[in-house]
Structure formats: structure tokens, C-alpha cells
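Beneath this line is the structure, given in C-alpha cells, with notes to follow.
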2 protein chains.
Amino acid sequence: MSNLKIGALAKQTGTNAPTIRYYEEIGLLRSAGRQAGNQRVYSDADVKSLTLIRRCREFGFSIDQVRSLVALVQDPASSCLHARDLAQEHLVAVRAKLAELKALERSIAAFVASCDASCAGGPGPDCVILDDLSKGRTQTRNTSGGRCSKTNGCS
Amino acid sequence: MSNLKIGALAKQTGTNAPTIRYYEEIGLLRSAGRQAGNQRVYSDADVKSLTLIRRCREFGFSIDQVRSLVALVQDPASSCLHARDLAQEHLVAVRAKLAELKALERSIAAFVASCDASCAGGPGPDCVILDDLSKGRTQTRNTSGGRCSKTNGCS
DNA sequence: CTACATCCTCAAGTAACTTGAGGTTCAAGC
DNA sequence: GCTTGAACCTCAAGTTACTTGAGGATGTAG
């Protein structure tokens, strides 16, 4: 129980201090205990909790979604199956994001490579970037396995 | 030049109409031409442009970053090398995100699997999710400031 | 020619923070 | 013991990137 102050917690979790206070205010992070001089004190459990929160936030889960996850994790009355289902949902979303992100990575990498190969120093607006990056997107907002074919720019 | 109206463009790019108008207002998308009745008309070039914008936005590039990319692409005076460098920067950011996202995916998948295996229906707060998900983070810190809103695929 | 979806503008609202002002508290050095 | 500078506190206001809503004009199918 390493008794951290807010700055240390911030450093360990890659969050900044006002954000931690904000999370406390909106009830995402439990209210921290206080030292004599009214300064917040944190434990290892808080490090874990905040790390989870940040991880999820960085990948686009909304505060409300994270809140429900955190609640599930901490509520002794909750059923594991319920938690599993929620996690499963998140997993589907994460995988969809992964697929799109990979497509973006391939597009940008191809652009950089083609620049290296052909347009070194030349006048560039005809670079293929727009063509490369803006080819047809996988139809819907892609929660359910967007597919990649050679014709839709995914490859 | 398929002469789309805003609703069609919205559908094709997975954006919604007010957002398109907003992008026009802030100068991210060129000012659309108008029909007789003052309604906006779009071309295939706009589909491309907006698709690029959305792709990048969905993965956490800020409006300003996207703006600079779009500007580079469209400015005849820009050098290809400059564009390449910018793209390279984006590539690094995208790859960092990919790594973290994969870690998140593995964690959640492991959690779901362990639920399936062991805690079926049981009382769940001791599920390993917190332990799994909040283990030490890889030191890459959020280069591209992704945020969440309802439209950016954050479901 | 009449519904009814789609479009327009403008204003206000929202999420998730960030920044700033003005004031305490703590730890180190003299 | 005293001071000084970093880190902390609260509260209020600002920012980004949209979203939602009101109130009205336009386009199109039957």
C-alpha cells in the first residue's frame, strides 16, 4: 500500500493530476483518502483501477462504458456471466477497431514507401496519398467484421 | 462526378450531415457548391476527401493534424518529401496505437476465456479482469490524443 | 397538389477534459 | 526556526469536436 500522492499516481498511470481529480468528481475513481494537510493519498489498488480506466479510455470506450465495467469489477453482487458478456461486447468493438487501424497503417505505410521510391524531393500534390487513403470504406460502421477485398482499398 | 446531396455523401462516408456542414464551416472540407434551391452538391472528390478525413479522425488524429494532411495533399506547392515526413509521423503514432490495442484485445479475450472456463454463473467480482487489464502499461503515451464521441466509432 | 422526407441556418447543448487564478502545504536547505 | 520553491488544494471558465433542436424552405412520390 505505497501511499502515493496525486503526482506520483499521475506519473505511474500516465494520467495528469487534474484528470484524476475529475475522475474522482464524476465518481469514476473512488474518493481518495486525505492526509493531515488535506492532500489526497492513493494505494496500489488505485493504481490498478486508474490504469484500467486509462487503457479503456484510450481506446475509445466512453466514460459510461468504463464506469459500468469498473462497477461490475467492484460490485460483489454482480454475476461473472454478466461481466463476461460486457467484456465480450468490448472485445468485438476492439477487434473492429483493430481491423480498421491495420488498414490505416497499411495505407500510410504504402504511401511513405511510394514516396521514398518515386517522388523524392519532387513536387508532391499528385502523390497517391488521397487515392491510397480514401478508397472505399468497409460499408457500415463496422462493428461486425468488416471485410477486406483487393478492390476496396483495404489491402 | 455523381452530384450527391448531403444525405448521400453522409451515407457513403459514414458521417452525419451536421458533421459535414461543421467540417465545411471550419474549413476542413471545401465549401460545397449549391443547387438552385440552395442545397449543397458534392462530387466524387468530396467523397474521397471526406473518407480520408473520417479515417484519420476515427483514429485519434486531431482536426488540426488532419487539416495539415489535407492541406499538403491539396496544395500544389508542397513538396512530396514534406508530405512523406508528415505521413511517417502519423505512421509511428498509428503503430504505437496498434500495439496498445493488441494488448487490450489480448487482455479482454483472456478474461472472456477464463470466464467461460471457470466462473460460469458464479459470483464474479474476483474475476481476474482487473488484474489482467491493469498490468503495467507499455510506456507509449498517447501521441495522438484520441478522444471519444458518439460518432467516432467508440462504441 | 399535397404530404412527407430532406434540406437550410442559427443557437444552444454535451462530453471529457484542460487551463488559470488564488491560495495552502510540504520538503529541503540555510 | 525560517524561507523558498515545488506540489497540492478548490473553483470557475475555456476548449475541442461534435450533437441536438427550433423554425422554416425545398424536392419528390403518389
Side-chain angles (χ1 to χ4, degrees), chain A residues 2-29 31-42 46 50 52-70 141, chain B residues 2-29 31-43 46 49-50 52-70 141-155:
Chain A
S2 37
N3 265 32
L4 305 159
K5 289 203 282 185
I6 201 168
L9 178 62
K11 220 168 237 174
Q12 275 199 39
T13 58
T15 315
N16 49 29
T19 302
I20 295 175
R21 291 190 203 102
Y22 169 72
Y23 285 165
E24 179 180 325
E25 191 191 326
I26 64 172
L28 196 51
L29 201 59
S31 271
R34 301 294 179 117
Q35 284 185 332
N38 198 33
Q39 303 198 348
R40 290 171 177 84
V41 209
Y42 296 96
D46 295 311
L50 184 54
L52 169 64
I53 292 167
R54 286 312 298 172
R55 271 259 171 88
C56 292
R57 286 294 302 129
E58 265 169 39
F59 291 103
F61 297 106
S62 73
I63 292 281
D64 269 0
Q65 288 174 313
V66 178
R67 197 197 307 276
S68 71
L69 203 106
V70 169
R141 318 229 66 204
Chain B
S2 38
N3 264 30
L4 305 158
K5 289 204 283 183
I6 201 169
L9 178 62
K11 221 167 234 172
Q12 275 199 39
T13 58
T15 315
N16 49 29
T19 302
I20 295 175
R21 291 190 202 104
Y22 170 71
Y23 284 164
E24 179 180 324
E25 190 191 325
I26 64 171
L28 196 51
L29 202 59
S31 272
R34 302 294 180 118
Q35 283 185 332
N38 197 32
Q39 304 198 348
R40 289 172 179 84
V41 209
Y42 297 96
S43 71
D46 295 311
S49 185
L50 185 53
L52 169 64
I53 292 166
R54 286 312 298 171
R55 273 257 171 89
C56 292
R57 286 294 303 129
E58 266 169 39
F59 292 103
F61 296 106
S62 72
I63 292 281
D64 269 0
Q65 287 175 311
V66 178
R67 197 196 307 276
S68 71
L69 203 106
V70 169
R141 170 89 243 272
N142 198 11
T143 12
S144 54
R147 280 224 196 147
C148 184
S149 70
K150 256 161 222 158
T151 43
N152 68 2
C154 278
S155 55

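Letters A, B, ... mirror the listed sequences (proteins, then strands); counts begin at 1.
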**Message:** Is the phosphate of C:dT18 approached by A:Thr19 (side-chain N or O, under 4.0 Å from OP1 or OP2)?
**Reply:** yes
**Asked** Under 4.0 Å between a side-chain N or O of A:Asn16 and OP1 or OP2 of C:dC17?
**Response** no
**Asked** Just wondering, do B:Tyr42 and B:Ile20 contact through their side chains at under 4.5 Å, heavy atoms?
**Response** yes
**Prompt:** Think B:Arg54 has a side-chain N or O under 4.0 angstrom from the OP1 or OP2 of D:dC18?
**Reply:** yes
**Asked** Hey, what do you get for CG (A:Leu50) to OG1 (A:Thr15), rounding to the nearest 0.5 Å?
**Response** 4.0 Å
**Over all atoms of both residues, closest heavy-atom pair of B:Ala17 and B:Ile6** = O-CD1, 3.7 Å
**Complete:** A:Glu24 meets the side chain to side chain donor-acceptor pair (under 3.5 Å) criterion, sequence neighbours left out, with A:Arg40
**Asked** Going 5' to 3' along nucleotides 22-30 of chain D, which nucleotides have protein heavy atoms under 4.0 Å from the base (write B), which only from the sugar-phosphate (write S), and which from neither (write -)?
**Response** ----SS---
**Fill in**
Residues passing the salt bridge (Lys or Arg N to Asp or Glu O under 4.0 Å) test with A:Arg21, sequence neighbours excluded, are none
**Asked** A:Lys11 has an atom NZ; how far is it from atom C1' of D:dC8, in whole Å?
**Response** 14 Å
**Request:** Provide, to the nearest angstrom, the distance between the CG atom belonging to B:Leu29 and the P atom belonging to D:dC18.
**Result:** 13 Å
**Smallest separation among heavy atoms of B:Leu52 and B:Val70, with atom names** = CD2-CG2, 4.4 Å
**Message:** Nearest whole Å is fine: how far is C:dT6 P from B:Leu9 CG?
**Reply:** 15 Å
**Prompt:** If you check the B:Arg34 side chain, which of D:dC9, C:dT18, C:dT9 turns out closest?
**Reply:** C:dT9
**Message:** So, does B:Arg40 get its side chain near the phosphate of C:dC7, meaning an N or O under 4.0 Å from OP1 or OP2?
**Reply:** no
**Message:** Within the 4.5 Å heavy-atom criterion, are B:Leu28 and B:Tyr22 side-chain neighbours or not?
**Reply:** no
**Complete:** Separation of D:dC18 atom P from B:Ile63 atom CD1, nearest Å, is 5 Å
**Prompt:** Considering only C:dA16, D:dA17, D:dT20, which nucleotide approaches the side chain of A:Arg57 most closely?
**Reply:** C:dA16
**Message:** Using whole Å, what does the distance between atom P of nucleotide D:dT16 and atom CD of B:Gln65 come to?
**Reply:** 13 Å
**Message:** Taking only side-chain N and O atoms of B:Tyr23, does any of them lie within less than 4.0 angstrom of OP1 or OP2 on D:dC18?
**Reply:** yes
**Asked** Hey, are the side chains of A:Arg54 and A:Thr19 touching, using non-hydrogen atoms and a 4.5 Å cut-off?
**Response** yes
**Prompt:** From A:Thr13 OG1 over to A:Leu29 CG, what is the distance, rounded to the nearest 0.5 angstrom?
**Reply:** 9.0 Å
**Message:** So, using side chain to side chain contact (heavy atoms under 4.5 Å, CB included) as the criterion, who are the partners of B:Asp64 when residues are at least two apart?
**Reply:** B:Ser62, B:Arg67
**Message:** Let me check the geometry of the helix from C:dC1-D:dG30 to C:dC30-D:dG1. What is the bend angle between the axes at its two ends, five pairs each, to 10°?
**Reply:** 20°
**Message:** Tell me the interatomic distance from A:Ile53, atom CD1, to C:dA16, atom P, rounded to whole angstroms.
**Reply:** 13 Å
**Asked** Can you check the A:Tyr22 OH to C:dT14 C1' distance for me, whole Å?
**Response** 10 Å
**Item:** Atom-to-atom span, CZ of B:Phe61 to C1' of D:dA17 - whole angstrom
**Value:** 17 Å
